[in-house]
Structure formats: structure tokens, C-alpha cells
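Notes follow the structure.
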Amino acid sequence: MERTVDLRESWAIGPVEIPTRLVLAPMAGVSVQAFRRQGRRFGAGLVCSEMVSVAGIQHRNERTLGYLRVAADEHPLAIQIFGSDPGVMAEAARMVEAAGADLVDINFGCPVRKVTKTGAGASLLEDPDHACRIVEAVSSSVNVPLSVKMRRGVENGSRTCLEVGPRLVEAGAASLTLHPRSARQMYTGEADHSLTAELVELVDVPVIASGDVTSRARAQAVLATTGAEAVMVGRAAQGNPWALAEILGEASGEPGREEVVAELLLFIRETVRELGEHRASGFLKKFYGWYLGRGRFPKPFKQELVQLGSIAEVETRLLAAAPGAHAVLARLEGELPEVDEILLDQLPISVYGGG
Ligand SMILES: Cc1cc2nc3c(=O)[nH]c(=O)nc-3n(C[C@H](O)[C@H](O)[C@H](O)COP(=O)(O)O)c2cc1C
């Protein structure tokens, strides 16, 4: 009989207690603090930063260091690093720990050439000895648990993750996340979670299943058929935190327009505070489509927003379209804890499709 898993159960990676079996995926150009805090509010038990370059950390690049800001209401939080030099990775991991992350996550999944050509991301799956040296160096230099996120392998049909995964655990990984697509596949085809099930059998640490989890039914099927400890949700949560609540079994249908607009406005305000208005304006454009799409608002409305010159105009236009959002927004803002107000004035190094 298939086991039924309660997504609202807690579990743990080493000493880190994770309140639900739902993890918000790291996504470059998406997983800003506002996204992670929202994910926690909607029930993600663990959230993750986007991949952060260890070279950027090493050189104290201001933009990169901005990724290491942790808010009080994000915990538990993993900060993900990518790079290829074990010593530099270990040093960066110490900074990640000092910044307040509960877990250090290493990216062995990024399929983007700009990253793989430097010997980082998914390319490390083809050099397991080196991948293990990185994991050893990082795990022995921090006190927080280390997790690794990987693809199935580089080539289509690869089963490399099944060879490398157990070795990474031996080297010190306290958890593995598998996105069972090949790096070549990028985001095409389907995630083959039969590999996730095989990996679960091979290791004695928690495995997180990533890829194509878009609904409660799918989440439960993946948990039941793989034995994974948790599911990770990425694209389905873009501009759609309600998907997280639905997956947890806590949603009461599609959100109303007021709620959508209020969440978007809150997200805009938080992102402006985090990135500064200039950076936020460009960054937010893709989110307008994500929030207002899905049949929630007519297409021309979202096109109109993208063309507006300032954030103030966007806010005005949104509130005109859903005046009731005012009250919802006030309630949401009232419930949020304070965060440090730090502004950065440059664009992040954002690599689309980091894993
Ligand atoms: C825009 C985008 C950016 C991503 N960036 C990262 C990243 O920085 N690190 C990483 O490990 N995975 C990254 N991924 C992969 C996701 O974490 C996840 O494994 C993948 O999208 C499959 O899950 P999904 O079907 O729920 O989206 C990214 C994916 C997308 C769509």
C-alpha cells in the first residue's frame, strides 16, 4: 500500500527542525528575501536563497554580499553557494554561516554554460572526486549542516546522481536535493522521480524531491512513490504563493483579486526596500505577469503595468484595479515583523536557470 504523507509534519536535517515537508526552491533572479519570507508565510518549511557566487563572496562584492542578508522571519533558511575551489567554497560557507543561515547548500545542478564552464554547478557531477573534496572542505569548516542540490547528471538519461549522491553523503552532506532532469535538458521534458526513489534507497540522509511539483496531488504522489522526506516547489510558486498553501492542504480556492493585488503590492514594497527602486523596477516586471496571469486579470492590464515608468505609478494602477486591496495590504503589513532597511544600488549577478 502506498504511504500517505502528511505535508504538515515536521522533519529535520541534522539539528535543523523543518516544520513542513514543503521546501521553496532556490531560483536565481527570483528568490529574493521578499519571496522567501512570503514562502514561509504560506507554509514552506524551508526556504533557500538563490545561488550565490563564492568568488563574489571572496572579493566582498557588494551585490553578492547583499544575498547574504537574512531576516528574522526566514528561518529555517538555506543559503546556496556555487563555485569550484574547495578552499574558497569553505571560506564562503563560513561567511554564510556567520550571516545566519541554518544550512549551507551547494549547487551541483546549475546547467547554465556561464557557470559550468568555470567547473561549477552541474559540471561537478562529472568529477565526483572533486565534488567530494568540496563537500569535505565545506562540511568540516562550518557547524551548520551542509546540503547538496543536484541534477540527475549532465547527459540525457544519465544516472550519475546515483553514483555521486552516496559519495557526497560519505563526504559530509547531511541532505540531498535531486532535480532529476539532466543538465542538457535544462527545463524541458519531465523530472524522472523514479531516480529520486532509487536515491532514497541508497542514502541514509533526507532526500528532497525537486521538479514538476505543482499541486497537492502531485506532491503527495511524489512523496508516496519516492520515500523522499520533502518536496521542493519552484516555478509553481512564482507569483503564486497560494500554490504552497494548496499543496499543504490549506488553501480555500483561487485567491480573490484584492488578495492577489495586496500580495503583489507587499512584494513590490519589500523588494524595493531590499534592492532599491532602480534595481527593483526591472526585477519586478516578470512578477507582474506571474501574479496577474493565470486568468486573474486581462492580459492588457499586465502589459500596461510593465510599461509604466515608476513603482508609484504601478502601485496606483494596481490599487485602482482592486481598491479593496488597500485594507488587505494594511493587514498584511501590520502582521509582518520589522526588517533592517538596507539598500543596495547595483544589479545582482543573476544567472537564469541555476539548477
Ligand atoms: C528561474 C529559475 C532559476 C533557478 N535558479 C536555481 C538556483 O539558483 N539554484 C538551484 O539549485 N536551482 C535553481 N533552479 C532550479 C529549481 O530550484 C528547481 O530545481 C527546478 O526549477 C525544478 O523545480 P520546479 O519544476 O518546481 O520548478 C532554478 C529554476 C528556475 C526556473
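The chain is numbered in sequence order, starting from 1.
- Using modelled atom types and a 3.5 Å distance limit, the side chains of S158 and E155 yield no donor-acceptor pair.
- Clustering ILVMFWY residues whenever any of their side-chain heavy atoms sit less than 4.5 angstrom apart, transitively, puts I81 in a cluster other than the one holding I208.
- Taken from CG in L68 to CD1 in I79, the straight-line distance is 5.0 Å, to the nearest 0.5 Å.
- Side-chain atoms of S210 never come within 3.5 Å of backbone atoms of M232 as a donor-acceptor pair (strictly under, hydrogens ignored).
- Rounding to the nearest 0.5 Å places OG of S175 at 11.5 Å from CG of L168.
- Counting heavy atoms from C-beta on, the side chains of T271 and F287 never come closer than 4.5 Å.
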Would you please test L248 and F42 for side-chain contact (heavy atoms from CB on, under 4.5 Å) and show each step?
-> CA-CA 9 Å; L248 281 173; F42 278 84; over 6 Å; no

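- R181 places a side-chain N or O within 3.5 Å of a backbone atom of G189 that can act as its donor or acceptor partner.
- With hydrogens and angles ignored, the 3.5 Å screen pairs no side-chain donor or acceptor of K149 with any backbone N or O of P26.
- A distance of 10.0 Å separates CZ in R151 from CG in L125, rounded to the nearest 0.5 Å.
- Between the CG atom of L332 and the CZ atom of R41 there is a distance of 5.5 Å, given to the nearest 0.5 Å.
- A donor-acceptor pair is defined here as one N or O able to donate and one able to accept, closer than 3.5 Å; such a pair exists between the side chain of R21 and the backbone of E229.
- Of all non-hydrogen atoms in V222 and T226, the two that sit nearest each other are O-OG1, 2.6 Å.
- Note: S281 OG to L308 CG = 11.0 Å, rounded to the nearest 0.5 Å.
- Neither V104 nor I13 shares a network with the other; the hydrophobic side chains, linked directly or stepwise wherever heavy atoms of I, L, V, M, F, W or Y lie under 4.5 Å apart, form separate groups for each.
- The closest side-chain heavy-atom distance from Y291 to L284 is not below 4.5 Å.
- W242 and E259 form a side-chain donor-acceptor contact under 3.5 Å, judged by distance and modelled atom types alone.
- A 4.5 Å side-chain heavy-atom check between H75 and V70 finds at least one atom pair inside the cut-off.
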Could you give me the CA-CA distance, side-chain angles and deciding distance for R235 and D212, then say whether side-chain contact (heavy atoms from CB on, under 4.5 Å) is met?
-> CA-CA 8 Å; R235 289 166 295 174; D212 306 339; 3.3 Å; yes

Could you give me the CA-CA distance, side-chain angles and deciding distance for L77 and V47, then say whether side-chain contact (heavy atoms from CB on, under 4.5 Å) is met?
-> CA-CA 5 Å; L77 161 83; V47 296; 3.8 Å; yes

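- K302 places no side-chain N or O within 3.5 Å of a backbone atom of G289 that could act as its donor or acceptor partner.
- When side chains are defined from C-beta on, L318 counts as touching L292, because their heavy atoms get closer than 4.5 Å.
- Scanning all heavy atoms of the two residues, the minimum distance from A92 to V54 falls at CB-CG1, 3.5 Å.
- When all heavy atoms of A93 and V138 are compared, the pair lying nearest together is CB-CG1, 3.6 Å.
- Side chains of P86 and H130 form a contact here, defined as non-hydrogen atoms less than 4.5 Å apart.
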Derivation and outcome, side-chain contact (heavy atoms from CB on, under 4.5 Å), residues Y67 and M51 = CA-CA 9 Å; Y67 293 130; M51 51 190 270; over 6 Å; no

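- Side-chain contact between V231 and L22 is present, with at least one heavy-atom pair separated by less than 4.5 Å.
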Output side-chain donor-acceptor pairs under 3.5 Å for residues 195-205, partner residues at least two apart or in another chain, one line each.
{"unit_1": "T196", "atom_1": "OG1", "unit_2": "H193", "atom_2": "ND1", "d": "2.8"}
{"unit_1": "E198", "atom_1": "OE1", "unit_2": "R159", "atom_2": "NH2", "d": "2.7"}
{"unit_1": "E198", "atom_1": "OE2", "unit_2": "R159", "atom_2": "NH1", "d": "3.1"}
{"unit_1": "E198", "atom_1": "OE2", "unit_2": "R159", "atom_2": "NH2", "d": "3.3"}

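- A donor-acceptor pair under 3.5 Å is formed between the side chain of E50 and the backbone N or O of G29.
- Note on E170 versus R167: no salt bridge recorded, every NZ/NE/NH1/NH2 to OD/OE distance being 4.0 Å or above.
- Side-chain atoms of D105 and F82, non-hydrogen and from C-beta on, never get closer than 4.5 Å to each other.
- Between E254 and R294, no side-chain nitrogen of the basic residue sits less than 4.0 Å from a carboxylate oxygen of the acidic one, so the salt-bridge criterion is not met.
- Put simply, the side chain of S31 never gets that close to the backbone of S49: no donor and acceptor are under 3.5 Å apart.
- Taking a 6.0 Å sphere around NZ of K299, one finds it holds 12 or fewer heavy atoms contributed by other residues, nucleotides or ligands.
- Residues V154 and Y187 do not share a hydrophobic cluster, clusters being chains of Ile/Leu/Val/Met/Phe/Trp/Tyr side chains in contact below 4.5 Å.
- L103 and I57 fall into different hydrophobic clusters, defined by Ile, Leu, Val, Met, Phe, Trp and Tyr side-chain heavy atoms under 4.5 Å apart, directly or through other members.
- A donor-acceptor pair is defined here as one N or O able to donate and one able to accept, closer than 3.5 Å; no such pair exists between the side chain of W11 and the backbone of P19.
- A salt bridge (charged side-chain N to carboxylate O under 4.0 Å, His left out) with R37 holds for exactly one of E270, E74, E274, E335; it is E270.
- At distances below 3.5 Å, not a single donor-acceptor pair connects side-chain atoms of Q38 with backbone N or O atoms of F267.
- Summarising the geometry of L46 relative to P76, their closest heavy-atom pair is CD1-O, 3.4 Å, with the distance given to 0.1 Å.
- In terms of heavy-atom proximity, G211 sits nearest to H179 at CA-CD2, 3.9 Å.
- With hydrogens and angles disregarded, a donor-acceptor distance shorter than 3.5 Å links the side chain of E97 to the backbone of N143.
- The CE atom of M89 sits 8.0 Å away from atom OG of S84, with the distance rounded to the nearest 0.5 Å.
- When every heavy atom of S123 is checked against every heavy atom of G119, the shortest pair comes out as OG-C, 3.3 Å.
- Using a 4.5 Å cut-off on side-chain heavy atoms (C-beta onward), I18 and V16 make contact.
- F35 and F283 fall within a single hydrophobic cluster, where Ile, Leu, Val, Met, Phe, Trp and Tyr side chains are chained together by heavy-atom contacts under 4.5 Å.
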